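Here the structure is a predicted model, which is why all the values come from computation and not from measurement. Excluded from the calculations below are hydrogen atoms, water molecules and symmetry mates; all remaining heavy atoms, backbone and side chain alike, are included. Naming convention: chains lettered A, B, ... in sequence-line order (proteins, then strands); numbering from 1 in each chain.
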There are 4 protein chains.
Amino acid sequence: MADREKRHLEIRGKRKKQIMSVALRLFSSEGYGHVSIAELAIHAGISKGLMYNYFDSKESLLKAIVEEGIDKIIQSFDRNRDGILTAEEFAHFIRSTFRLMEENKVYWTQFFGLIIQPNIKEFLKNSEMTGLIASYFDILGVYFKNMGFEDPMLEVFHLSVTIEGFALMMLFYNDLADIPEALFKRFEERIIHTYT
Amino acid sequence: MADREKRHLEIRGKRKKQIMSVALRLFSSEGYGHVSIAELAIHAGISKGLMYNYFDSKESLLKAIVEEGIDKIIQSFDRNRDGILTAEEFAHFIRSTFRLMEENKVYWTQFFGLIIQPNIKEFLKNSEMTGLIASYFDILGVYFKNMGFEDPMLEVFHLSVTIEGFALMMLFYNDLADIPEALFKRFEERIIHTYT
Amino acid sequence: MADREKRHLEIRGKRKKQIMSVALRLFSSEGYGHVSIAELAIHAGISKGLMYNYFDSKESLLKAIVEEGIDKIIQSFDRNRDGILTAEEFAHFIRSTFRLMEENKVYWTQFFGLIIQPNIKEFLKNSEMTGLIASYFDILGVYFKNMGFEDPMLEVFHLSVTIEGFALMMLFYNDLADIPEALFKRFEERIIHTYT
Amino acid sequence: MADREKRHLEIRGKRKKQIMSVALRLFSSEGYGHVSIAELAIHAGISKGLMYNYFDSKESLLKAIVEEGIDKIIQSFDRNRDGILTAEEFAHFIRSTFRLMEENKVYWTQFFGLIIQPNIKEFLKNSEMTGLIASYFDILGVYFKNMGFEDPMLEVFHLSVTIEGFALMMLFYNDLADIPEALFKRFEERIIHTYT
DNA sequence: AATGAATGAGTCTTCATTCAT
DNA sequence: TATGAATGAAGACTCATTCAT
């Protein structure tokens with residue numbers, strides 16, 4: 001009994017992940033509104049009805065995907081929040097952020113491609129991320145002030161804009177030709193160099 | 001007769017612009033796929049059928065909007081392409097770019113919100129813009145080299161990423177609370193200062 | 001302009017009535033839940049989509065039908081409610097009620113067949129009819145008391161039960177073979193005779 | 001072995017009854033077409049698949065329920081069919097009928113709520129009940145004739161209509177507030193008094 | 001030029017039923 | 001016996017597009 005139940009849960013878990021993974025890819029590349037359940041089912045190799053065994057609706061599937069991504073981000077960034085950053089810590093923070101993105105380039109690119117879609121942005125605004133971002137902005141503001149920057153908030157703005165722009169660039173050019181791996185490294189060092 | 005015809009064309013022109021303007025706003029905020037012709041007609045104060053007097057289809061309307069935006073960009077940037085930039089010319093180039101964006105903040109924000117949507121990106125890739133951007137990249141590369149930057153292509157990348165990131169930030173935060181006007185100016189000077 | 005608008009409204013009105021009429025017939029004979037929009041469309045000689053030009057949903061169509069019936073009933077019975085009934089008035093009340101049912105036997109049989117369906121009953125309970133029925137019960141109670149009946153409320157109950165049962169009988173046997181016209185008359189006189 | 005088999009059959013029998021009981025309740029209150037197998041399974045505390053171990057299909061389950069009800073009715077009324085009714089026998093017949101309904105008010109109300117649904121009526125028409133009812137009509141006709149009623153068939157009609165109307169009334173008002181128990185008794189005596 | 005009734009293909013969703021375990 | 005994952009046909013509903021007026 002416990003055996004059967006365990007297997008069921010395993011199967012459910014796998015299927016759920018599989019559906020979410022396929023959906024993220026399609027939603028990101030085609031746009032949420034342009035992906036039909038039929039298309040999703042074909043790409044996931046399942047029947048049309050099965051999705052509804054795992055998610056209440058198409059929108060609920062979207063929500064699950066977005067929330068999972070937000071959770072991943074929060075888990076990654078929710079450590080060492082004592083609030084004071086040294087130059088070394090700043091460098092480490094930037095490097096580990098890029099490392100995270102690089103390791104799951106496909107996932108994060110797709111995720112980014114998803115959350116910039118109209119109506120989906122709203123999910124973010126109502127999530128914990130808003131607070132998380134604000135607190136990081138504060139920490140960075142203090143750091144830049146301590147480092148002697150004239151206009152710390154402008155630097156915070158510049159840095160975050162740069163990182164978002166980088167993500168957007170990856171999204172745009174990844175379809176055509178991959179961005180050279182080396183660029184990751186050089187770009188990252190360029191940022192660290194500017195701010196330490 | 002010629003008079004009547006002229007007035008006729010004038011009216012057509014105005015209607016067309018009005019439809020395109022409303023459509024851009026809706027496509028950008030709701031997402032192309034989520035805007036129905038019925039909704040568009042209501043917001044434009046016309047009947048559903050009338051749209052088809054001006055555009056062959058919904059997609060043709062989209063195309064017209066995107067092409068108009070691309071044309072505007074090309075017209076703005078297609079001057080002084082002798083190819084060699086002085087520091088002063090660079091500063092002027094950055095300033096006039098920001099000025100253009102600032103003056104039509106609403107239009108460009110909407111336009112940006114439109115072209116980052118999946119499937120619509122493709123329009124850009126097949127447009128003249130690709131070549132235009134490439135040529136600007138070349139000019140900037142030469143400029144950065146002349147200015148003694150170690151890795152000119154990285155700087156080009158950084159600059160373009162920054163500007164795209166800025167546009168994205170405007171798109172995201174414009175709904176909630178306007179970005180302070182002053183930031184435009186400070187951000188722009190920050191870029192000029194870095195690269196001159 | 002006013003002309004066109006008028007014609008539009010005329011067409012809309014006719015179509016709406018036509019759809020409601022076909023829907024009532026099908027809902028009553030097949031059961032609301034078993035009638036598909038496709039089936040309804042075929043029987044009404046229209047396309048599947050057109051129904052949604054006139055009603056928001058299948059349920060909204062149902063609601064319109066039920067409410068129309070309730071309104072008809074209320075209009076028929078909402079006259080002379082001074083509250084005191086003579087034997088003559090009672091006889092007239094019964095006769096005119098039967099006359100109304102007889103004249104639109106098809107409509108009322110279908111309507112009755114609709115409102116006894118599960119879930120649809122609820123519509124009635126929340127309608128004005130509840131109050132109307134209650135007030136008629138009161139009036140009849142007084143009448144039976146004045147006529148010297150031992151247990152007036154029991155008579156009210158008996159009478160209403162009899163009429164409802166008559167409606168149900170019509171619904172059941174109308175499919176197979178029509179109830180003989182004469183029965184209407186004899187049944188009606190039987191009731192009048194019992195209670196005057 | 002025979003023991004195990006017996007227990008086996010006992011369990012099967014119980015399960016079957018349980019499923020039928022839950023199904024009758026749901027079919028009656030929600031309408032046959034609106035009850036899904038999933039819903040049924042949840043309310044019966046079994047899995048979706050298990051139902052198919054006991055019944056071939058949803059319709060076959062419905063059929064079993066209706067047939068069981070018809071059987072119960074036939075068993076109750078199939079006695080003393082010598083054909084001639086005295087006044088005393090008539091009174092006893094009415095009383096025992098009401099007693100039967102009263103004792104299993106919930107069951108019969110639900111059953112009645114089921115068989116008046118469109119499409120389900122057909123089951124009755126093709127069942128033995130049609131003949132049974134006809135024969136009772138005959139017996140009652142003779143009885144009323146012997147009792148000196150002017151229009152015996154009208155009385156048969158009136159009586160059956162009254163009883164059906166009573167059942168319908170119970171179905172309608174049972175959800176809201178129970179019909180006072182005393183009414184059963186008084187209503188029954190009222191009928192007996194009229195016809196003896 | 002302008003309207004909106006009408007169409008029907010396509011979308012999301014439900015659900016009776018099957019089957020491997 | 002019992003489970004629930006999986007299927008696919010069918011249902012409610014949407015919407016780009018056409019066309020008579």
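Look at Tyr54(A) and you won't find any side-chain N or O under 4.0 angstrom from OP1 or OP2 of dA5(F). Tyr52(C) has no side-chain polar atom (N or O) that falls below the 4.0 Å cut-off from OP1 or OP2 of dT7(E). Regarding contacts with the backbone of dA16(F), a side-chain N or O of Lys58(B) is found under 4.0 angstrom from either OP1 or OP2. Applying the 4.0 Å criterion to OP1 and OP2 of dT1(F), one finds that Arg15(D) has every side-chain N and O outside that range. At least one side-chain nitrogen or oxygen of Asn53(D) sits closer than 4.0 Å to the OP1 or OP2 atom of dT1(F).
For the pair Ile37(C) CD1 and dT14(F) C1', the interatomic distance rounds to 13 Å; values are reported in whole Å. Between Asp56(D) atom CG and dT17(E) atom P there is a gap of 10 Å when expressed in whole angstrom units.
Here dG4(F) is the nucleotide among dG4(F), dA2(F), dA1(E) with the atom lying nearest to any side-chain atom of His8(A). Nearest nucleotide to the side chain of Ser47(C), out of dA2(E), dG8(E), dA5(F): dG8(E).
The main-chain N or O of Ile11(A) is never found under 3.5 Å from a side-chain atom of Lys16(A) such that the two would form a donor-acceptor pair. Checking side-chain atoms of Ser21(B) against main-chain N and O of Lys17(B) turns up no donor-acceptor pair under 3.5 Å.
Sequence order on DNA chain F of the closest nucleotides to Arg12(D) and Tyr32(C) puts Arg12(D) first from the 5' end.
Using bins of under 30°, 30° to 60° and over 60° for the plane-to-plane angle, the ring pair His34(C)/Tyr32(D) lands in the parallel bin.
Heavy-atom minimum distance, Ala64(B) versus Phe55(B): CB-CE2, 3.8 Å.
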